Colleague: 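Here's a structure for you.
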Amino acid sequence: METTISALGPGALYMLVMLLLSLQGSPTGATDVITATQPLSGQQKLVSQGGKFAMGFYQPSGGPQDKWYIAIWYNKVQKVTPVWIANRETPISNPDSSVLTIWTDGNLVLLNKSRSIVWSSNTSVTAGASNTTTVAVLLNTGNLVLAYASNTSNMIWQSFDHPTDTQLPGMKFGRNKLTGVSNRQVSWRDHTDPSPGIFSLVMDPNITAQYLFIWNNSRSYFTPGKFNPQTGAFAGIPSMTVMSRPNSVYSYEYVDNDKEEYFLLTVNDDNIFLRTVIDPSGQQKGMVWMEEKQDWMLYFVEPSDLCSVYSACGAFSWCAVDSVPMCSCLWGFSPQSPTEWSSGNYTGGCTRNVALPCRLSGGGSTPSMSSGYEEDRFYVTNNVRLPDGSQVVQATTISDCEVACLHNCSCLAYSYNGTCSLWYNDLVNLQQDLDNRGDNIFIRLPASEIRHTKSIRGRTIGLAIGVSALTLGVSLIGVLCLLRRRRIKGLHNIDMNLMAFGYRDMKLITKNFTDKLGGGSFGSVFKGVLQDGTVVAIKRLEGVHQGEKQFRAEMSTIGNIHHLNLIRLVGFCSEGEHRLLAYEYMAHGSLDGCLFKTSSDDLLPWKTRYQIAIGVAKGLTYLHDKCRDCIIHCDIKPQNILLDTSFVPKVSDFGLAKLLGRDFSRVMTTMRGTIGYLAPEWISGTAITTKADVFSYGMMLFEIISHKRNIDEHGGDRRVDKFFPILVAEKIQEGNVQALLDSDLRRDVDFEELKRACMVACWCVQEDESSRPTMGAVVQMLEGLIEVTMPPVPRYLKVLAESAYQPSTVSDKLAAV
Ligand SMILES: *[C@@H]1O[C@H](CO)[C@@H](O)[C@H](O)[C@H]1NC(C)=O
Ligand SMILES: *[C@@H]1O[C@H](CO)[C@@H](O)[C@H](O)[C@H]1NC(C)=O
Ligand SMILES: *[C@@H]1O[C@H](CO)[C@@H](O)[C@H](O)[C@H]1NC(C)=O
Ligand SMILES: *[C@@H]1O[C@H](CO)[C@@H](O)[C@H](O)[C@H]1NC(C)=O
Ligand SMILES: *[C@@H]1O[C@H](CO)[C@@H](O)[C@H](O)[C@H]1NC(C)=O
Ligand SMILES: *[C@@H]1O[C@H](CO)[C@@H](O)[C@H](O)[C@H]1NC(C)=O
Ligand SMILES: *[C@@H]1O[C@H](CO)[C@@H](O)[C@H](O)[C@H]1NC(C)=O
Ligand SMILES: *[C@@H]1O[C@H](CO)[C@@H](O)[C@H](O)[C@H]1NC(C)=O
Ligand SMILES: *[C@@H]1O[C@H](CO)[C@@H](O)[C@H](O)[C@H]1NC(C)=O
């Protein structure tokens, strides 16, 4: 016996022991090692000790039948989710005739039917490595290691150093400083094709503690910014702090030493499956497995806005975050592949409807003067971030610049800002400029294309202004003054012009203010119809003592704000004493009207209300964070939320607070003594921040949840027993959300969402501003992207609630808090 063992050698003995151990350790009886005598083929798979990961031949669902890959996936997750692919560039056609084994040089290799190496761990041969001395082991971290059989800690190669598109906990994502090699993650081509796609993640070679999103191995299009170890967050995306909360089960850290720098994701609970992936869309997604839902849940997405992904819309189209779909072909262009386009893959871009005659007749030469040739024209697209790859030429005026482009058939577009820039290549990455600081670009089109738009006669530039008026549907002869803008505005709806109306036009449009829609805190609202039939809502401001100049300045701020969930200002009138605003008309009126109905037949379904809550939060997020100047709404309540035909909510009246110099004494008097929507800081007199809106939003969210007013001033079915927000806060603490439901809620409510909404609302109405979440966080919480923790009972409201029906002195009560 003794002799046999020594003849086998220590390596073989180790292998034997390990084999026995692994057979014991894994519940399925599957092994976790590959050796030269024990290769992997066909249906066989490795299962890591602990049973978390498996490895074997894999085929993406929906992919071609003859392409198989060696992959590692989660053994316990029903939905097969590969985290690593060996031969992503060299699939094999038949797993039964292929083997994954140890090669004579000790490398792990994949052999096809004709015994050729189609993939190899391909590490340079190390002393003593051969098919008898090395083994491949699948570890329970999802790492496949090639090591000496005598000591598997003595690693030769590991899959964690060669990631595909996924970062797993325990895997270093970084750069070897000695070799300069970065272990980049490269996206799949698409969801059925693991071959290397166009997007990758790589450490920034120039800035420490930062990684980059790269397009086509060349261009960096996004970075989350520098990692701050103190906060555990990246500078550009503070919301990722969630990942590193002190008692969080997962953490992110950055390590920097002489040899290497890397990011490391750690999860200290083995039952939590977490991964980040660079997706074929160019976004990085953090996902966690939800056993209850049997699906992956997103916990972060970066960049959150797809327009930030380079060339997301392909060539000759432009990207606008808020439009649906987000990509639109430029004028005169249509999707290259309408099927792909309609399925939401815009990367193919757009092509011309009609080829440029100039180009046809002679490539890059000067336009031919053959008979029947009509000079190309230009079509302006406004407020875009210009594509790169332009060439600057000498030109002193915009028409010189146009001529310069016109005279070279290869020139496809020009832009003039004092400098004349010409483009000769496909225009990619055009984007709507959210800050409205974009430029105008003039795109070359055949004359025939421009002639088809009946509103244009002659050259485009001169007409751009007039046509923009037409697109608004406003062609009133009585338009008195067109708000002068610095730039020429054109046909594309990227930017909106504000129309200035005369008071007489306003009277015409509203039929002398006969059809009153309602009244807000700042005036009355009337229905109006423009000459072309467009229905608008005209708000007549009362008691505005603002200077003309300031009024206009404010109008241009508000007019430049575009978001799906913010009401769009169409125009205004400022004449003499009169101040009127024209908004897009909302068919379903205010949330107030839809929410508080006496009959229970036509209550808004839960799903609709939940979407309304998210929509309002998105609109406010935009006001707070995304506009050039942060705008605090100051008066969030159901009356100021309007609903369009599909119940998409639009926040209205924003900016008016600013317009009126935040003179809230009137609002204050009506609010005093009742628990309305006002944050305590309004009453206590401290500075107002965006968190005041968060408070009001929270109060409104309670009403959206309950379908009832928190306070019913007219008696009716007032909740006598308990103030609803306090009831919610207490029931949540007891873990008894069900208790909140009354009969008309129960029908269609989603418990998970209800619980989330209740908790979010409680957080929003915390007395301490800093405890309240930002609106951005509210959106993420409601969408289930980040977890909501247990909110404390809002003390302030509790005290107030006790005095709710003695509307006397709120401030006294506050002083007592
Ligand atoms: C190991 O490699 C040797 C050549 O170095 C070869 O003769 C032998 O067949 C290989 N063993 C296995 C199991 O593949
Ligand atoms: C095996 O791979 C080699 C090299 O990649 C290739 O030339 C050969 O056609 C493949 N054989 C089969 C049966 O796929
Ligand atoms: C192995 O690496 C070398 C260079 O490092 C490369 O030329 C070769 O193509 C690689 N072989 C395989 C099978 O990946
Ligand atoms: C195994 O290899 C590791 C790393 O090379 C080394 O630190 C350790 O001492 C080795 N163990 C034995 C038993 O040789
Ligand atoms: C890093 O810096 C070098 C030199 O300034 C520059 O050429 C290179 O483009 C930079 N790389 C990235 C990814 O920013
Ligand atoms: C990516 O870059 C390569 C050259 O490095 C180029 O040939 C290819 O066309 C580029 N891909 C796209 C989609 O532009
Ligand atoms: C989108 O379509 C292009 C071809 O136009 C294709 O190469 C790419 O893989 C597709 N992307 C996705 C995510 O399906
Ligand atoms: C047109 O522009 C291209 C790119 O700048 C240049 O190579 C070409 O010579 C120009 N053609 C004429 C006729 O000027
Ligand atoms: C004009 O455009 C050029 C090229 O896009 C740019 O470099 C320059 O800064 C711009 N100038 C002004 C005044 O905006």
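Read the numbers this way: they start at 1 and go in the same order the structure lists the ligands and their atoms. Computed from a predicted structure; not experimentally measured. Sequential numbering from 1 along the given sequence is applied to the chain's residues.
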Colleague: Could you please provide the protein residues found below 4.0 Å of ligand 2 on a heavy-atom basis, arranged by chain and number?
Modeller: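 Lining ligand 2: N112, K113, S114, S116, V118.
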Colleague: Rounded to the nearest 0.5 Å, what separation is found between the CD1 atom of I70 and the OH atom of Y58?
Modeller: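 Those atoms lie 13.0 Å apart.
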Colleague: Can an N or O of D204 be found at a distance shorter than 3.5 Å from an N or O of ligand 5?
Modeller: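 There is no such contact.
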Colleague: Show every side-chain hydrogen bond (donor to acceptor under 3.5 Å, both in side chains) that has at least one partner inside residues 80-99, sequence neighbours left out.
Modeller: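 Checked against side-chain hydrogen bond (donor to acceptor under 3.5 Å, both in side chains) - neighbours excluded - the pairs reaching residues 80-99 are T81-W296.
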Colleague: Would you say the SG of C327 sits less than 2.5 Å from the SG of C313?
Modeller: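 Yes; the two sulfurs sit under 2.5 Å apart.
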Colleague: Any side-chain heavy atom of S200 sitting closer than 4.5 Å to one from R184?
Modeller: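 Side chain of S200 against side chain of R184, heavy atoms only: contact under 4.5 Å found.
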Colleague: Does D258 have more than 12 heavy atoms from other residues, nucleotides or ligands lying within 6.0 Å of its CG?
Modeller: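 Not more than 12 within 6.0 Å, no.
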Colleague: For T347, take its heavy atoms, then give the atoms of ligand 7 lying under 4.0 Å from any of them.
Modeller: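 So the atoms of ligand 7 that pass are 1 (C), 2 (O), 3 (C).
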Colleague: Out of all atoms in ligand 7, which are within 4.0 Å of some heavy atom of D190? Include the element for each.
Modeller: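 Listed by number with element, the hits are 9 (O), 12 (C), 13 (C), 14 (O).
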Colleague: Can you list the atoms of ligand 7 that are under 4.0 Å from a heavy atom of R189?
Modeller: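 Near R189, the atoms of ligand 7 are 9 (O).
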Colleague: Given that the side chain starts at C-beta and the backbone is N, CA, C, O, which of these parts of E340 lies under 4.0 Å from ligand 7, counting heavy atoms, or is it both or neither?
Modeller: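 It is the side chain that gets close, since no backbone atom is under 4.0 Å.
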Colleague: Should the proximity of L212 to ligand 5, defined as any heavy atom under 4.0 Å, be assigned to the side chain, the backbone, both, or neither?
Modeller: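 The answer is the side chain of L212.
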Colleague: If I take atom OH from residue Y221 and atom CG from residue N216, how far apart are they, to the nearest 0.5 angstrom?
Modeller: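 Result: 11.5 Å between the selected atoms.
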Colleague: For a side chain to side chain contact (heavy atoms under 4.5 Å, CB included) check, start with the C-alpha distance between V99 and L40, then their side-chain angles and the critical distance, and finish with the verdict.
Modeller: CA-CA 6 Å; V99 287; L40 191 76; over 6 Å; no
Colleague: If you look only at pairs with a residue in residues 333-344, which of them pass as a side-chain hydrogen bond (donor to acceptor under 3.5 Å, both in side chains), with sequence neighbours excluded?
Modeller: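 As it turns out, the side-chain hydrogen bond (donor to acceptor under 3.5 Å, both in side chains) pairs with a partner in residues 333-344, which skip direct neighbours, are S334-N353.
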Colleague: Return yes or no for this condition: an N or O of H191 is under 3.5 Å from an N or O of ligand 7.
Modeller: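 No.
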Colleague: Not counting sequence neighbours, list each pair that qualifies as a side-chain hydrogen bond (donor to acceptor under 3.5 Å, both in side chains) and has a residue in residues 173-183.
Modeller: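 The answer is R175-E261, K177-D256.
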Colleague: Could you state the interatomic distance from OG1 (T166) to CG (D279), rounded to the nearest 0.5 Å?
Modeller: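 Taking OG1 in T166 and CG in D279, the distance rounds to 10.0 Å.
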Colleague: Hey, which atoms in ligand 7 end up nearer than 4.0 Å to a heavy atom of P280?
Modeller: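 Contacts of ligand 7 toward P280, numbered from 1: 13 (C).
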